[in-house]
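Shown next, in C-alpha coordinates, is the structure this report addresses.
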Amino acid sequence: MASGVKPRVKVPKKAAAGETITIKTLISHKMESGQRKDDDGNVIPRSIINRFTADFNGQNVIDVTLEPAISTNPYFQFEAVVPESGEFKFTWYDDDGSVYDTTKKITVS
Amino acid sequence: MEMTRRKLLAFGSGTFALATLSSLPAFATLTDDAIAELTGGADMGEGAITLTAPEIAENGNTVPIAFDAPGAAEVTLFADGNPVPNVATFKFGPLSASRSASTRIRLATTQNVVAIAKMEDGSFQMAKANVKVTIGGCGG
(Lines give C-alpha, C1' and ligand atoms only; values in the text may rest on other atoms or scores of the structure.)
Protein backbone atom coordinates (compact mmCIF):
# COMPACT_ATOMS: atom_id res chain seq x y z
CA MET A 1 0.00 0.00 0.00
CA ALA A 2 2.08 2.82 -1.28
CA SER A 3 -0.64 5.12 -2.57
CA GLY A 4 -1.84 8.12 -0.64
CA VAL A 5 0.53 7.74 2.29
CA LYS A 6 1.31 11.20 3.58
CA PRO A 7 3.05 11.87 6.89
CA ARG A 8 2.13 15.01 8.81
CA VAL A 9 4.11 16.19 11.81
CA LYS A 10 3.75 19.17 14.10
CA VAL A 11 6.93 20.31 15.86
CA PRO A 12 7.55 23.81 17.25
CA LYS A 13 10.08 25.80 15.19
CA LYS A 14 11.88 27.23 18.22
CA ALA A 15 12.51 26.07 21.74
CA ALA A 16 14.72 26.83 24.73
CA ALA A 17 17.48 24.33 25.53
CA GLY A 18 16.19 21.52 27.69
CA GLU A 19 12.60 22.61 27.23
CA THR A 20 9.88 19.97 26.94
CA ILE A 21 8.13 20.14 23.61
CA THR A 22 5.03 18.33 22.43
CA ILE A 23 5.13 16.55 19.09
CA LYS A 24 2.10 15.40 17.16
CA THR A 25 2.37 13.00 14.24
CA LEU A 26 -0.15 11.58 11.85
CA ILE A 27 0.25 9.47 8.74
CA SER A 28 -2.53 8.71 6.31
CA HIS A 29 -2.72 4.94 6.03
CA LYS A 30 -5.62 2.48 5.79
CA MET A 31 -4.25 0.16 8.51
CA GLU A 32 -6.09 -2.87 7.08
CA SER A 33 -6.45 -5.10 10.13
CA GLY A 34 -6.61 -8.52 8.45
CA GLN A 35 -9.90 -9.16 10.27
CA ARG A 36 -12.26 -7.69 7.70
CA LYS A 37 -13.90 -9.58 4.83
CA ASP A 38 -14.80 -8.32 1.38
CA ASP A 39 -18.20 -8.78 -0.30
CA ASP A 40 -17.37 -12.34 -1.35
CA GLY A 41 -16.39 -13.36 2.17
CA ASN A 42 -12.66 -13.46 1.54
CA VAL A 43 -10.44 -12.08 4.25
CA ILE A 44 -8.74 -8.85 3.21
CA PRO A 45 -5.03 -9.37 3.95
CA ARG A 46 -3.42 -7.37 6.72
CA SER A 47 -1.59 -4.24 5.63
CA ILE A 48 -0.53 -1.94 8.42
CA ILE A 49 2.31 0.22 9.58
CA ASN A 50 4.05 -1.94 12.16
CA ARG A 51 6.65 0.42 13.60
CA PHE A 52 7.09 4.13 14.17
CA THR A 53 10.22 5.85 15.45
CA ALA A 54 11.17 9.42 16.28
CA ASP A 55 14.83 10.43 16.60
CA PHE A 56 16.54 13.73 17.27
CA ASN A 57 20.10 14.15 15.93
CA GLY A 58 20.45 10.37 15.91
CA GLN A 59 19.19 9.87 19.49
CA ASN A 60 15.96 8.02 20.02
CA VAL A 61 12.89 9.73 21.45
CA ILE A 62 10.23 7.06 21.06
CA ASP A 63 9.93 3.71 19.34
CA VAL A 64 6.42 2.34 18.92
CA THR A 65 5.38 -1.14 17.80
CA LEU A 66 1.95 -1.00 16.20
CA GLU A 67 -0.60 -3.81 16.02
CA PRO A 68 -3.76 -3.95 13.88
CA ALA A 69 -5.74 -2.42 16.78
CA ILE A 70 -4.29 1.00 15.98
CA SER A 71 -6.83 3.13 14.12
CA THR A 72 -6.72 4.19 10.49
CA ASN A 73 -4.34 7.14 10.01
CA PRO A 74 -2.18 6.35 13.06
CA TYR A 75 -1.80 9.34 15.34
CA PHE A 76 0.74 9.79 18.11
CA GLN A 77 1.36 12.58 20.54
CA PHE A 78 4.39 12.57 22.84
CA GLU A 79 6.93 14.82 24.48
CA ALA A 80 10.64 15.34 23.85
CA VAL A 81 13.50 17.43 25.20
CA VAL A 82 15.85 19.19 22.81
CA PRO A 83 19.39 19.80 24.10
CA GLU A 84 20.56 21.68 20.97
CA SER A 85 19.42 22.84 17.54
CA GLY A 86 18.94 20.03 15.13
CA GLU A 87 16.60 17.84 13.21
CA PHE A 88 13.87 15.43 14.16
CA LYS A 89 13.52 12.37 11.97
CA PHE A 90 10.25 10.47 11.95
CA THR A 91 10.10 7.05 10.33
CA TRP A 92 7.17 4.73 9.65
CA TYR A 93 7.67 1.10 8.57
CA ASP A 94 4.97 -0.51 6.43
CA ASP A 95 4.11 -4.25 6.37
CA ASP A 96 4.95 -4.31 2.64
CA GLY A 97 8.51 -3.16 3.30
CA SER A 98 8.00 0.50 2.41
CA VAL A 99 9.55 3.06 4.72
CA TYR A 100 8.11 6.57 4.95
CA ASP A 101 10.04 9.32 6.64
CA THR A 102 9.95 13.03 7.20
CA THR A 103 12.24 15.48 8.98
CA LYS A 104 11.63 18.70 10.92
CA LYS A 105 14.22 21.25 11.96
CA ILE A 106 14.13 23.00 15.31
CA THR A 107 16.17 25.97 16.49
CA VAL A 108 17.22 26.08 20.11
CA SER A 109 18.02 29.50 21.45
CA MET B 1 -28.49 -41.29 50.74
CA GLU B 2 -32.00 -40.83 49.53
CA MET B 3 -32.18 -38.48 46.57
CA THR B 4 -35.12 -36.22 47.37
CA ARG B 5 -36.37 -33.76 44.86
CA ARG B 6 -35.01 -30.84 46.90
CA LYS B 7 -31.53 -32.35 47.19
CA LEU B 8 -31.46 -33.10 43.51
CA LEU B 9 -32.29 -29.49 42.66
CA ALA B 10 -29.60 -28.15 45.00
CA PHE B 11 -27.06 -30.53 43.51
CA GLY B 12 -28.01 -29.55 39.98
CA SER B 13 -27.73 -25.81 40.54
CA GLY B 14 -24.34 -26.27 42.22
CA THR B 15 -22.92 -27.99 39.19
CA PHE B 16 -24.37 -25.34 36.96
CA ALA B 17 -22.69 -22.55 38.95
CA LEU B 18 -19.35 -24.34 38.72
CA ALA B 19 -19.69 -24.72 34.96
CA THR B 20 -20.42 -21.00 34.52
CA LEU B 21 -17.44 -20.00 36.64
CA SER B 22 -14.98 -22.14 34.75
CA SER B 23 -16.01 -20.96 31.28
CA LEU B 24 -14.35 -17.53 31.19
CA PRO B 25 -14.55 -15.60 27.92
CA ALA B 26 -11.92 -16.76 25.45
CA PHE B 27 -10.64 -13.23 24.67
CA ALA B 28 -9.88 -12.43 28.30
CA THR B 29 -7.72 -15.56 28.45
CA LEU B 30 -5.86 -14.43 25.35
CA THR B 31 -5.06 -11.16 27.08
CA ASP B 32 -3.92 -12.94 30.24
CA ASP B 33 -1.62 -15.07 28.11
CA ALA B 34 -0.23 -12.02 26.33
CA ILE B 35 0.35 -10.24 29.65
CA ALA B 36 2.01 -13.30 31.18
CA GLU B 37 4.29 -13.51 28.18
CA LEU B 38 5.31 -9.90 28.67
CA THR B 39 5.83 -9.93 32.41
CA GLY B 40 6.98 -13.52 32.81
CA GLY B 41 4.35 -13.97 35.51
CA ALA B 42 5.87 -11.26 37.74
CA ASP B 43 3.67 -9.45 40.25
CA MET B 44 2.29 -6.14 39.11
CA GLY B 45 1.83 -3.02 41.15
CA GLU B 46 -0.88 -0.48 40.52
CA GLY B 47 -1.09 3.27 40.87
CA ALA B 48 2.01 4.47 39.06
CA ILE B 49 0.34 4.71 35.65
CA THR B 50 -2.53 6.91 34.65
CA LEU B 51 -4.56 5.59 31.75
CA THR B 52 -6.96 8.05 30.20
CA ALA B 53 -9.75 6.57 28.12
CA PRO B 54 -13.29 7.71 27.44
CA GLU B 55 -15.98 6.02 29.51
CA ILE B 56 -18.18 5.70 26.46
CA ALA B 57 -16.82 5.58 22.92
CA GLU B 58 -19.44 6.10 20.25
CA ASN B 59 -17.22 4.86 17.47
CA GLY B 60 -14.99 1.88 18.18
CA ASN B 61 -12.92 2.63 15.08
CA THR B 62 -11.10 5.46 16.72
CA VAL B 63 -10.95 5.64 20.49
CA PRO B 64 -8.53 8.19 21.98
CA ILE B 65 -6.25 6.66 24.61
CA ALA B 66 -3.54 8.41 26.62
CA PHE B 67 -1.23 7.22 29.35
CA ASP B 68 1.28 8.73 31.72
CA ALA B 69 3.71 6.37 33.44
CA PRO B 70 6.57 8.22 35.18
CA GLY B 71 9.67 6.06 35.44
CA ALA B 72 8.57 3.55 32.81
CA ALA B 73 11.00 2.25 30.20
CA GLU B 74 8.33 0.63 28.09
CA VAL B 75 4.53 0.69 28.03
CA THR B 76 2.35 -1.92 26.33
CA LEU B 77 -1.35 -1.51 25.68
CA PHE B 78 -3.85 -4.38 25.49
CA ALA B 79 -7.54 -4.50 24.66
CA ASP B 80 -9.06 -7.63 26.19
CA GLY B 81 -12.14 -7.83 23.96
CA ASN B 82 -10.38 -7.55 20.61
CA PRO B 83 -9.66 -10.59 18.41
CA VAL B 84 -5.95 -9.79 18.91
CA PRO B 85 -5.38 -8.28 22.36
CA ASN B 86 -2.08 -6.51 21.64
CA VAL B 87 -2.51 -2.87 20.68
CA ALA B 88 0.90 -1.20 20.77
CA THR B 89 4.22 -1.06 22.60
CA PHE B 90 5.90 2.28 23.34
CA LYS B 91 9.62 2.28 24.08
CA PHE B 92 11.07 5.52 25.40
CA GLY B 93 14.48 6.77 24.35
CA PRO B 94 16.97 9.11 26.06
CA LEU B 95 15.43 12.28 24.61
CA SER B 96 11.89 11.53 25.63
CA ALA B 97 10.70 14.22 28.05
CA SER B 98 7.93 12.32 29.77
CA ARG B 99 6.82 8.72 29.79
CA SER B 100 3.50 9.64 28.28
CA ALA B 101 1.88 9.43 24.88
CA SER B 102 -1.51 9.37 23.31
CA THR B 103 -2.91 7.61 20.28
CA ARG B 104 -6.15 6.32 18.78
CA ILE B 105 -7.10 2.67 18.85
CA ARG B 106 -9.77 0.27 17.58
CA LEU B 107 -12.08 -1.53 19.98
CA ALA B 108 -14.33 -4.33 18.74
CA THR B 109 -16.77 -4.14 21.64
CA THR B 110 -17.24 -2.90 25.20
CA GLN B 111 -14.13 -4.04 27.06
CA ASN B 112 -11.17 -3.21 29.26
CA VAL B 113 -8.10 -1.42 27.99
CA VAL B 114 -5.03 -2.49 29.94
CA ALA B 115 -1.70 -0.67 30.12
CA ILE B 116 1.35 -2.50 31.45
CA ALA B 117 4.45 -0.46 32.15
CA LYS B 118 7.86 -2.01 32.50
CA MET B 119 9.64 0.30 34.92
CA GLU B 120 13.33 1.16 34.73
CA ASP B 121 14.03 -1.08 37.75
CA GLY B 122 12.44 -4.06 35.97
CA SER B 123 9.19 -4.16 37.94
CA PHE B 124 5.77 -3.94 36.32
CA GLN B 125 2.86 -1.58 36.84
CA MET B 126 -0.65 -1.99 35.53
CA ALA B 127 -3.64 0.26 34.86
CA LYS B 128 -7.04 -0.68 33.52
CA ALA B 129 -9.93 1.30 32.09
CA ASN B 130 -13.32 0.08 30.98
CA VAL B 131 -14.62 1.55 27.73
CA LYS B 132 -18.20 1.13 26.58
CA VAL B 133 -18.34 0.96 22.80
CA THR B 134 -21.52 1.83 20.92
CA ILE B 135 -20.40 0.81 17.42
CA GLY B 136 -17.64 -1.78 17.21
CA GLY B 137 -14.51 -1.08 15.23
CA CYS B 138 -13.33 -4.32 13.70
CA GLY B 139 -15.54 -4.40 10.61
CA GLY B 140 -16.61 -7.55 8.79
Side-chain angles (χ1 to χ4, degrees), chain A residues 15 18-27 29-44 46 48-84 86-89 106, chain B residues 27 30-31 34 38 52-53 57 59-70 72-109 111 113-115 118 131 133 136-140:
Chain A
E19 188 190 336
T20 298
I21 57 166
T22 302
I23 298 172
K24 293 176 183 178
T25 70
L26 185 106
I27 186 163
H29 194 287
K30 264 177 84 175
M31 295 292 280
E32 192 57 64
S33 68
Q35 299 283 341
R36 300 199 308 155
K37 289 180 177 151
D38 64 13
D39 294 341
D40 304 325
N42 305 314
V43 173
I44 306 171
R46 172 182 135 156
I48 67 164
I49 287 175
N50 54 45
R51 184 168 173 228
F52 164 70
T53 60
D55 295 282
F56 181 74
N57 288 354
Q59 274 201 290
N60 184 251
V61 178
I62 198 167
D63 185 338
V64 187
T65 310
L66 289 77
E67 304 287 343
I70 297 289
S71 298
T72 306
N73 304 341
Y75 162 85
F76 292 106
Q77 182 186 327
F78 52 93
E79 292 178 328
V81 275
V82 279
E84 73 259 334
E87 199 174 58
F88 275 104
K89 186 170 192 214
I106 183 164
Chain B
F27 288 155
L30 272 180
T31 314
L38 176 74
T52 313
N59 184 355
N61 268 314
T62 167
V63 182
I65 299 285
F67 65 84
D68 187 8
E74 203 177 303
V75 175
T76 308
L77 298 177
F78 295 99
D80 70 4
N82 276 3
V84 180
N86 297 51
V87 173
T89 305
F90 296 79
K91 290 191 183 84
F92 296 99
L95 285 181
S96 155
S98 64
R99 303 301 189 238
S100 66
S102 59
T103 185
R104 294 173 188 150
I105 69 171
R106 289 181 178 135
L107 295 177
T109 172
Q111 59 183 284
V113 176
V114 184
K118 187 180 181 187
V131 182
V133 177
C138 275

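Computed from a predicted model, the values in this text were never measured in an experiment. Naming: A, B, ... by sequence-line order, numbering from 1 per chain. In what follows, every heavy atom counts, from backbone to side chain, and hydrogens, waters and symmetry copies are set aside.
Using a 4.5 Å heavy-atom cutoff, the side chains of Val87(B) and Ile70(A) are in contact. Here the side chains of Phe78(A) and Ser102(B) are not in contact, with every heavy-atom distance at 4.5 Å or above. In this structure, Thr65(A) and Lys91(B) have side chains that are in contact, with non-hydrogen atoms separated by less than 4.5 Å. For the pair Ser96(B)/Ile62(A), no side-chain contact is recorded, criterion being any heavy-atom separation below 4.5 Å from C-beta on.
Side-chain atoms of Ser71(A) come within 3.5 Å of backbone N or O of Asn61(B) as a donor-acceptor pair.
The minimum heavy-atom distance linking Ala97(B) with Thr20(A) is given by the pair CB-CG2, 3.5 Å. Closest heavy-atom contact between Arg106(B) and Pro68(A): NH1-O, 2.9 Å.
Taking CD of Glu67(A) as the start and OG1 of Thr76(B) as the end, the distance is 9.5 Å to the nearest 0.5 Å. How far CG of Leu95(B) is from CD of Glu79(A): 13.5 Å, rounded to the nearest 0.5 Å.
Every ring-ring contact (aromatic ring centres under 6.0 Å, His included) that Phe76(A) has, sequence neighbours left out, goes to Phe52(A), Phe90(B).
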Could you go through Asn82(B) and Gln35(A), starting from their C-alpha distance and side-chain angles, then the distance that decides it, and tell me whether this counts as side chain to side chain contact (heavy atoms under 4.5 Å, CB included)? CA-CA 10 Å; Asn82(B) 276 3; Gln35(A) 299 283 341; over 6 Å; no

Side chain to side chain donor-acceptor pair (under 3.5 Å) between Arg104(B) and Thr72(A), worked out: CA-CA 9 Å; Arg104(B) 294 173 188 150; Thr72(A) 306; over 6 Å; no

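Only the side chain of Leu26(A) comes within contact range of chain B, with at least one heavy atom under 4.5 Å from a heavy atom of that chain.
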